[in-house]
Structure formats: C-alpha cells, structure tokens
Amino acid sequence: MVRLASQVVDPERKDAAARAPADPESPAAGGEWARTTGDSREGDPILGATLDALKQAAQGVEIERRVAETLQRSLLPRLPVVPGLKFAARYRPGSAETRIGGDWYDAIPLRGGKVGIAIGDVVGRGVKAAARMAHLQSALRAYALEALRPALVLERMNGFVLEGEQGGMLTLLYAIVDSDGHTVQVASAAHPPPLVLDPGGGSTFVEAPPCSPLGVARYAAYEESTTTLDPWSTLLLYTDGLVEGPELPLGQGLEGLRSSMEGGPREPEALCHAVLDSLDVRAGFRDDLALLALQLTPPGKTLALTLPALPSSLASMRRAVAQWLRLEGAGEDEIYEVLVACGEACANTVAHAHPALSDSSFELRAEREGPEVEITVRDTGQWRPPGEEGPGRGLAVMRELMDDVEIEPSERGTTVKLRRRLRGDGAT
C-alpha cells in the first residue's frame, strides 16, 4: 500500500505542472497558479476520495510499523552479567517496505553458572507478530528456569504454541552454555545453526539434528547435540534474514557467513558490527534480523568483575573467584575461607552501599603477587551506619579468615582490600 500511494500521480496535476512557468518567483508558480487550477479533487470527487483513502492507508501502515518496532524493541531483554561470558546482541528492522517481523533473542541465567540462550523467528509481521513474540518469550523463560534440557524445552514450547497460541509456525533455537565445562548443548526447531568462531580464526557450524518448526506437528520430538568450546571461542546466533533471501539460497548464505567470519573479530561487540556491515553492502536485504553473540572469557592472572549490586550477584562472584583461586593453586580449604571473607565484603556492598532498587554495580579485582593474593572490592556508594543492635560480625569474620583487611571509605565510595598468603598446596 505504501508503494502504491507513493507511485500514484494525478494526470491533471502533472499536465498542469508541465504548463506552469519554471520560475519559482513568478505568480503563476505560487498562489496565482493555485487559484487558476484549483484542487483537482474538487473537479473529480471520486479521484479525490481515492487519493485520500490511499494516503490514510499509507499512514496507517506506517503507524503500525512504528508501533510494532517500538513494541519489539521494548521486549528485547537486557543481557545478563555472567562471569566467564561476554555478551552482545543487535536487532535490526527490515527495509522501509517491509512490515516489522517477529525476530527475537534471549539470554537467561540458570543455576550453577550456566546460561540459556535462545533465538527465534515468528511467522507473520506487524503488531500481532510482535505481541506473539512476547508470549513465546515468557513461556520460554518459564521452561528454561525449570532447568530442562534444550530438547525438552522445545517440546514444551511446541505444546504451548499448539494449545496456548492456537497454532502458528515459528522457528526456534535453544542452547545451554556451560562456561566452566566449556560446552554448549543445542536443540533446534528448524532454525539456522549457530556459528562457532574459534580463537585461532576458524569458523564451524554447530551440528544440530534437523527437526520440525514449532506449531506444525502435535507430537514432535526434538534432539540435541553437545559441542565443546575452546576458551575465548565465540558463539553467534542469528535469524534467517542473515543467510537467506529472495536471491540468496540458504546453503549459499550459510557458506558465505562462515567464510566471511574466518579471521574476523571474536569480541562480541566487534563481531555484531562486522555482521551488520556485511549487510550494508548486500543488495536486496529486506528482512528484519536478530543477532546474539557470546564469548567464553576464562579468568587470567588477574580477575576483574563488574556485577550489579544485587543479592543474585553473590553466587556469580563466588563461582568466578573460586575458579580463579584454583587456577592460582589455592587449596580447597583456602578457597572456602577466602570465599567466605570475600562474600562478606560483597554482601556489605549489596546491603549497605546502595538502595535496594538501583542500577548500581560494584567491582571486584583479584591478583596474586608471589604467594599472596589480594582481593579488592569497590563500590560507589556510602555504607550506612550500624543500627541500634550495633555492627554485624562480617568485619570480624573477614579479619579472622584473612591475613590483612583494609577498609577505605571516601566520597566516591568504599574500598575493601583483603590479603592472604597461600600455602600453594593446590598448585598445578
């Protein structure tokens, strides 16, 4: 409808415009011209009504597109902060002639430090597709948080589509990434396979058994595969608009994506930029697109974390610090005692330095100098003074378990430094 409206030309106006003087300053080019010719719709009410209807239809399509795009962007999730993983994502609407689609992605922190990642494409366009995407995203999160295997999540989602959504096909890929075990479990409902970019510059697709889309077969069975990921590898999930189009067969698009990513960036933000840049030079790109990239980032000689000042961050902190201490040769009893002391410092930051509902964060940095480890916890708030019951036992616990504890309050926040000399009996 939009293209039709833009191409409709009133023949009477076109002929009259051809007879009009070219000089914009002449009277005939302005008000005089308008008075002599008048509005063509006054002489032809049928044509005028048709033009008005086309104009209103075009405006309606554009309004629907804007509403759908706003709705879709508002539903895209905030990516989680997970030690050992680095995320980036993009959503890009299609061309102006294409109504907004139902492409979406999600990343869901799970128990044990694992993360569920998903990307899907709802058949259909407009506000209806965007609203349907919201229903499916909520259902997926509910099933994922039950700690189900990817294949079972897709089976539950298929039932939800058939019963709760009364049908309607969609493709979906769901995977569980274990950053500690360096593995990814993948199940796909007719969605393009993830691309693994290894740190050496190579790229390969994850082999996922072919299965039917959701909403097609009532008792569909889905299978999964497990792939080992090297440290610093990057996993790229995408929707079919990246590898398929009217003039781009799927097989050719997949091979083009794989070859174009060889030797390319592995850092997730840079990777997303590179993928979008490749679309800018591709003629005929019209479909909308969703991208989700994550990289395994194991700790090095120095551990640096930035976490939300929320109680849920404490478990992530403990896993990251424990992994770093093991790499540094700490014994299990040393790891336990350092984690208790570090947990007290971080808990004080979460409980006392910031309001309960805030977007603030805290930093943790761990490094080793010879046999001594130093862990620094820094926030940007001000610790509240103790209540009538007096201070808690957190500071006493830290001093009991560590060799040295320093607390440095300032106008910019509070810094806690914990130091302990390791025996090194866990060295590898």
Side-chain angles (χ1 to χ4, degrees), residues 77 80 82 84-85 87 89 103-122 133 136-165 169-198 203-231 233-240 242-244 250-251 254 257-258 290-296:
V82 180
L85 292 174
F87 292 89
D103 292 14
W104 57 285
Y105 61 83
D106 205 351
I108 309 156
L110 305 176
R111 291 190 293 269
K114 300 179 181 180
V115 176
I117 54 175
I119 194 160
D121 188 356
V122 176
M133 177 194 76
L136 296 168
Q137 187 180 38
S138 298
L140 175 73
R141 280 185 163 256
Y143 297 141
L145 291 173
E146 292 182 13
L148 300 176
R149 295 186 296 107
L152 292 179
V153 169
L154 292 190
E155 290 182 11
R156 298 281 184 91
M157 288 294 296
N158 187 58
F160 176 80
V161 171
L162 291 171
E163 301 296 337
E165 293 287 301
M169 189 182 73
L170 72 141
T171 66
L172 176 64
L173 185 142
Y174 178 67
I176 296 178
V177 178
D178 182 357
S179 59
D180 292 338
H182 295 175
T183 61
V184 56
Q185 288 180 287
V186 178
S188 175
H191 199 86
L195 182 65
V196 177
L197 310 173
D198 64 59
S203 57
T204 56
F205 288 107
V206 173
E207 295 294 335
C211 300
S212 63
L214 301 183
V216 174
R218 182 165 297 278
Y219 299 109
Y222 296 93
E223 300 179 26
E224 62 195 38
S225 63
T226 301
T227 301
T228 301
L229 302 175
D230 293 329
S233 293
T234 303
L235 192 66
L236 176 65
L237 279 60
Y238 51 92
T239 49
D240 61 354
L242 180 62
V243 293
E244 190 176 23
L250 178 59
L254 289 172
L257 172 65
R258 188 198 64 77
L291 297 174
L292 177 61
L294 66 100
Q295 184 180 37
L296 270 65

**Asked** For Glu146, what residues pass the side-chain hydrogen bond (donor to acceptor under 3.5 Å, both in side chains) criterion, not counting sequence neighbours?
**Response** Arg156

**Request:** With sequence neighbours excluded, tell me which residues meet side-chain hydrogen bond (donor to acceptor under 3.5 Å, both in side chains) with Arg218.
**Result:** Glu163

**Message:** Checking Glu224 now: which residues fulfil salt bridge (Lys or Arg N to Asp or Glu O under 4.0 Å) with it, not counting sequence neighbours?
**Reply:** Arg149

Output the distance between atom [atom1] ([X]) and atom [atom2] ([Y]), rounded to the nearest 0.5 Å.
X	Y	atom1	atom2	result
Asp103	Ile119	CG	CD1	7.5 Å
Leu197	Asp230	CG	CG	12.0 Å
Leu162	Met157	CG	CE	11.0 Å
Ile117	Asp106	CD1	CG	10.5 Å
Leu170	Leu136	CG	CG	5.5 Å
Leu257	Leu236	CG	CG	6.5 Å

Looking only at non-hydrogen atoms, find the nearest pair between [X] and [Y] and report the distance.
X	Y	result
Leu145	Pro109	CD2-O, 3.9 Å
Ala208	Val186	CB-CG1, 4.2 Å
Ile108	Ala144	CD1-CB, 3.8 Å
Ala118	Leu140	CB-CD2, 3.2 Å
Leu154	Ala189	CD1-N, 3.8 Å
Ala89	Leu292	CB-CD1, 4.0 Å

Once side chain to side chain contact (heavy atoms under 4.5 Å, CB included) is applied, do any residues pair with [X], and if so which ones, sequence neighbours excluded?
X	value
Asp198	Ser233
Ala190	Thr171, Pro213
Thr226	Thr183, Gln185
Pro209	Glu223, Ser225

**Message:** Given 3.5 Å as the limit, does a donor-acceptor pair link the side chain of Asp240 with the main chain of Pro192, or not?
**Reply:** no

Can you give me every donor-acceptor pair (side chain of residues 172-180, partner residue at least two apart or in another chain, under 3.5 Å) with its distance?
residue, atom, partner, partner atom, Å
Asp178, OD1, Asp180, N, 3.1
Asp178, OD1, Gly181, N, 3.1

**Request:** Assess whether side chain to side chain contact (heavy atoms under 4.5 Å, CB included) is satisfied between Leu237 and Tyr105, documenting all intermediate values.
**Result:** CA-CA 9 Å; Leu237 279 60; Tyr105 61 83; over 6 Å; no

**Item:** side chain to side chain contact (heavy atoms under 4.5 Å, CB included) assessment of Phe87 paired with Val82
**Value:** CA-CA 9 Å; Phe87 292 89; Val82 180; 4.2 Å; yes

**Request:** Evaluate the side chain to side chain contact (heavy atoms under 4.5 Å, CB included) criterion for residues Arg258 and Leu195: first the C-alpha distance (whole Å), next the side-chain angles of each, then the deciding distance (0.1 Å), finally the verdict.
**Result:** CA-CA 7 Å; Arg258 188 198 64 77; Leu195 182 65; 4.1 Å; yes

**Message:** Using side chain to side chain contact (heavy atoms under 4.5 Å, CB included), reason through Ser188 and Tyr222 one step at a time and then give a plain yes or no.
**Reply:** CA-CA 7 Å; Ser188 175; Tyr222 296 93; over 6 Å; no

